[in-house]
Every structure is written in C-alpha cells, then in structure tokens.
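Here's the structure, in structure tokens; my notes come after.
From a predicted model like this one, the values you see are computed outputs, not experimental measurements. Note on naming: letters A, B, ... go to the chains in the order of the sequence lines (proteins, then strands), and numbering restarts at 1 for each one.
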There are 2 protein chains.
Amino acid sequence: MILRNQVEWALHCCAVLAGLPQDRRLSTRTLAEFHGVPKEYLSKALQALSQAGIVSGTLGPAGGYRLARPADDITFLDIVEAVEGRRSTFACTNIRFNNPCRQPCADDGTKACSVARIMWQADEAWRDSLRGITLAAHAAILAKDLSPEVLERNRQWLLSRG
Amino acid sequence: MILRNQVEWALHCCAVLAGLPQDRRLSTRTLAEFHGVPKEYLSKALQALSQAGIVSGTLGPAGGYRLARPADDITFLDIVEAVEGRRSTFACTNIRFNNPCRQPCADDGTKACSVARIMWQADEAWRDSLRGITLAAHAAILAKDLSPEVLERNRQWLLSRG
DNA sequence: TAATTACGGATATATTGTATCCATAAGGAT
DNA sequence: ATCCTTATGGATACAATATATCCGTAATTA
Ligand code: FES
Ligand code: FES
C-alpha cells in the first residue's frame with residue numbers, strides 16, 4: 001500500500017502557491033517545470049484540487065491556479081483527500097459473515113467488526129495527524145529549513161513565469 | 001491507496017488462533033473455510049506471517065499454524081507489517097531537487113523534505129495506533145462484542161477440524 | 001482573430017494486487 | 001516401507017489500479 005505520486009506533487013504545488021501573493025496565479029506548465037513532473041498528468045491532480053475547492057483555476061492567458069482559501073484554512077489532510085479520496089485505507093469485506101457455523105439473523109451483525117474498528121481507528125489517527133498541519137504552519141517550517149536566499153530565488157523564478 | 005485483502009485475512013486468522021489453546025494448530029484449509037477465502041491465496045499471507053515469526057507452521061498431517069508468541073506479545077502492527085511491508089505509506093521521490101533554479105551542492109539537501117517529514121509523521125501516528133493493540137487486547141474486545149454461545153460454537157467447530 | 005489556459009473524456013502502458021497451479025520436503029498413519 | 005497430508009516456495013495467469021499521454025472544448029486575453 002502506497003500513496004500516489006500525485007499526493008507529493010499536489011502538496012508541493014500547494015506549498016508553492018502558499019508562498020506567493022494570494023492573487024498571483026501559476027499555470028500547470030510552470031508548476032510542472034518547477035517540479036520536473038509531466039505536465040499533462042500533474043494537470044489531473046490540480047483538477048482534483050480545484051474540484052475539492054482547495055485551489056481556484058481560471059482560463060485564458062495569464063490564467064492558472066491560486067489557493068481558493070487562506071493558507072491557514074487548508075490542511076494537509078484536505079490536499080491528500082482531494083487527490084487520494086476519502087475512503088478508509090482499510091476495506092472490510094465482512095469475512096466474519098462467511099463463518100460456516102454462524103447462524104443467520106444473529107445479533108452480532110449490528111455492530112462493525114472489532115478488527116475493522118481498530119483498523120479504522122488507526123486510519124483516523126493518520127488523518128488527525130494530517131489535519132493538524134496547515135499550509136501556513138508548513139510555510140513556517142519551510143522558512144526555518146531553507147535559507148532566505150533560496151526562498152527568494154524560487155519566488156522570483158515563479159513570479160517571472162506565472 | 002488501500003490495504004490488501006490479505007491484511008483483513010491475516011488479522012482474523014491471528015485472532016482465531018489467539019482464541020485457541022496455544023499448542024493447537026489450524027491448517028490453511030480450515031482457516032480458509034472458516035473465513036470463506038481462497039485457500040491457495042490465504043496460504044501466501046500465512047507464509048508471510050510465518051516468515052515474520054508471528055505464527056509457527058509445521059508440516060505433515062495434524063500440522064498447521066499456531067501463534068509463535070503469546071497473544072499479548074503480538075500487536076496489530078506486527079501483523080499488518082508482515083503482510084503489507086514496513087515501508088512508509090508515503091514515498092518521497094525528491095521532486096524538490098528538480099527545481100530548475102536550485103544551485104547544485106546546496107546545503108538544503110542534508111535534511112529530508114519538510115513535506116515528507118510531515119507525511120512520515122502521520123504514517124508513524126498510524127503505526128503507533130496499531131502498535132497499541134495486542135491480540136490479547138483484541139480478544140477482550142471480542143468477548144464483549146460476541147455472546148459466549150457464538151464464541152463457543154466457533155471454538156468447537158475449529159477444534160473439531162484442526 | 002489568434003493564442004493561451006483550464007477542463008474533461010478517451011486511450012495506452014506500467015505496476016501492483018489477486019488468484020491458481022505445481023514441485024518439493026517433511027511429518028504422521030497404516 | 002508406503003501413502004496421505006501438510007507447509008513452503010516458485011512460476012504463471014488474470015484483474016485492478018496507477019501512471020502517462022492525447023485530443024476536443026470552452027473561456028479568457030491580447
Ligand atoms: S469482517 Fe472485515 S475486518 Fe472483521
Ligand atoms: S521532495 Fe518528496 S516530499 Fe518534498
């Protein structure tokens with residue numbers, strides 16, 4: 001089990017957008033070149049973000065994407081779920097009901113399986129962790145990781161493209 | 001991203017074994033019939049559990065599997081990792097280094113990407129949650145969920161097969 | 001009008017998950 | 001000794017998903 005590449009791409013794209021003025025837009029082409037990933041496929045991830053209301057896309061020249069909400073109102077979970085979906089990472093197929101000595105209409109079918117409950121609880125812990133980090137919080141981490149020069153250089157490169 | 005069916009099967013098989021006397025063994029065929037899953041494919045999951053030292057398999061008639069350790073020394077994480085592997089659910093492909101305006105030999109390459117660190121932290125939260133539940137703890141939950149009659153009926157069916 | 005963009009559908013390929021089959025070695029029953 | 005049953009591991013086939021590309025459309029700007 002492994003998350004899609006799209007997740008890494010989407011997170012980085014959102015992080016980049018969070019570092020720019022809110023009204024500035026970046027095109028799919030610029031974002032693809034900046035991250036060195038195929039433009040056509042990245043477009044699918046950006047469309048998913050757009051449909052989820054995380055970014056806003058506009059048509060025409062000088063069009064592109066910007067964040068649809070303030071950076072402190074977008075969590076990592078929002079982005080991951082937009083690309084990866086909201087279904088639990090654990091799928092219960094109810095094999096407990098295949099039990100050959102189980103009586104039909106037993107009253108043990110009203111509650112979810114104990115195994116599934118534990119797995120879903122772990123899934124929620126994963127989501128809680130991602131829900132705790134906003135793009136604004138990540139920008140603060142990034143500011144400590146990278147030197148101001150590197151950040152400014154990236155910023156200028158992106159703004160010169162659009 | 002979704003976990004394999006094997007995970008659900010492996011967890012249920014271990015839960016079944018935990019409800020039996022430690023020296024009793026169950027064959028792949030019995031476990032497959034009990035859960036209504038293909039015997040040949042379930043065998044692969046049991047082999048993974050065997051190789052991870054969670055269950056112990058013996059050959060010959062009256063052979064089969066038993067837990068290799070006490071039930072309070074086997075966590076859900078042990079079982080999930082045996083089947084699903086231990087790699088993180090998030091794979092970083094280092095797209096940050098594809099940055100076209102990045103200078104070679106920059107000092108920002110010594111640390112893992114901030115995005116990856118956040119994703120790996122969430123992965124650890126998921127694992128921590130699974131690490132907190134042992135087969136013994138699950139057995140206690142099961143005892144509250146199911147009626148003693150159902151548990152005993154299953155127990156007898158399994159013991160009569162082996 | 002022409003160029004550029006997001007958007008969505010269709011398609012192709014690669015990777016992974018699912019499932020089955022078979023050969024082998026080992027243990028128990030006769 | 002012989003036969004049956006079992007786990008083990010390799011090989012193979014099939015299905016589902018991930019990855020990637022292509023193209024047509026509509027909207028926007030110059
Ligand atoms: S029946 Fe699906 S996890 Fe128990
Ligand atoms: S480069 Fe892989 S997560 Fe940032």
Side-chain angles (χ1 to χ4, degrees), chain A residues 1-10 13 17 23-33 35-68 80 82-85 87 89-91 93 95 161-162, chain B residues 1-10 13 17 23-33 35-68 80 82-85 87 89-91 93 95 161-162:
Chain A
M1 180 196 66
I2 204 166
L3 291 166
R4 304 178 176 170
N5 283 351
Q6 306 254 26
V7 172
E8 185 185 13
W9 304 355
C13 285
L17 290 174
D23 56 331
R24 284 302 305 256
R25 296 180 175 276
L26 294 180
S27 68
T28 304
R29 189 167 59 87
T30 299
L31 287 167
E33 286 182 17
H35 293 119
V37 298
K39 175 188 133 185
E40 311 280 356
Y41 193 32
L42 173 65
S43 173
K44 300 298 183 186
L46 293 171
Q47 289 176 36
L49 291 173
S50 176
Q51 201 162 11
I54 295 169
V55 301
S56 152
T58 54
L59 298 175
Y65 293 100
R66 65 171 173 81
L67 293 185
V80 170
V83 171
E84 195 70 32
R87 283 172 310 182
T89 55
F90 178 78
T93 60
I95 58 174
R161 295 281 185 122
Chain B
M1 181 196 68
I2 205 167
L3 292 167
R4 305 180 177 170
N5 282 351
Q6 305 254 29
V7 172
E8 185 184 12
W9 304 355
C13 286
L17 290 173
D23 56 330
R24 285 302 304 255
R25 296 181 175 275
L26 295 180
S27 68
T28 304
R29 190 166 59 86
T30 299
L31 287 167
E33 285 182 17
H35 293 119
V37 298
K39 174 188 134 187
E40 311 280 356
Y41 192 32
L42 173 64
S43 173
K44 299 299 181 185
L46 293 171
Q47 288 177 37
L49 291 173
S50 176
Q51 200 159 12
I54 294 169
V55 301
S56 152
T58 55
L59 298 173
Y65 293 100
R66 64 169 174 82
L67 293 184
V80 170
V83 172
E84 194 69 33
R87 282 173 310 181
T89 55
F90 178 78
T93 60
I95 58 174
R161 297 280 185 122

With side chain to side chain contact (heavy atoms under 4.5 Å, CB included) as the test, would you mind laying out the steps for B:Arg161 and B:Glu33 before giving the verdict?
CA-CA 10 Å; B:Arg161 297 280 185 122; B:Glu33 285 182 17; 2.6 Å; yes

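- As rounded to whole Å, 6 Å separates atom P of D:dT28 from atom CG of A:Leu59.
- As a whole-Å value, the separation of A:Gln6 CD from D:dT21 P is 12 Å.
- In terms of heavy atoms, B:Arg25 sits closest to B:Arg66 at NH2-NE, 3.1 Å.
- Using modelled atom types, one side-chain atom of B:Glu84 and one backbone atom of A:Met1 make a donor-acceptor pair closer than 3.5 Å.
- Proximity of A:Thr58 to the phosphate of C:dA6: no side-chain N or O atom is located under 4.0 Å from OP1 or OP2.
- In this model, the phosphate group of C:dG8 is approached by a side-chain N or O of A:Gln47 to a distance below 4.0 Å at OP1 or OP2.
- At whole-Å resolution of the value, CD in B:Glu40 and P in C:dG17 are 20 Å apart.
- Distances shorter than 4.0 Å separate none of the side-chain N or O atoms of B:Arg29 from OP1 or OP2 on D:dT5.
- In this entry the distance linking CG of A:Asn5 with P of C:dT15 reads 12 Å, nearest Å.
- Atoms CG (B:Leu42) and P (D:dT8) sit 12 Å apart, rounded to a whole Å.
- In this model, no side-chain donor or acceptor of B:Lys44 finds a partner on the base of C:dG17 within 3.5 Å.
- Applying the 4.0 Å criterion to OP1 and OP2 of D:dA15, one finds that B:Tyr41 has every side-chain N and O outside that range.
- At C:dC7, one or more side-chain N or O atoms of A:Ser50 fall inside 4.0 Å of OP1 or OP2 (strictly under the cut-off).
- Taking atom CG on B:Leu26 and atom C1' on D:dA7, their separation rounds to 14 Å, with Å as the unit.
- Looking at B:Thr58, its side chain never comes within 3.5 Å of a backbone N or O of B:Gly63 through a donor-acceptor pair.
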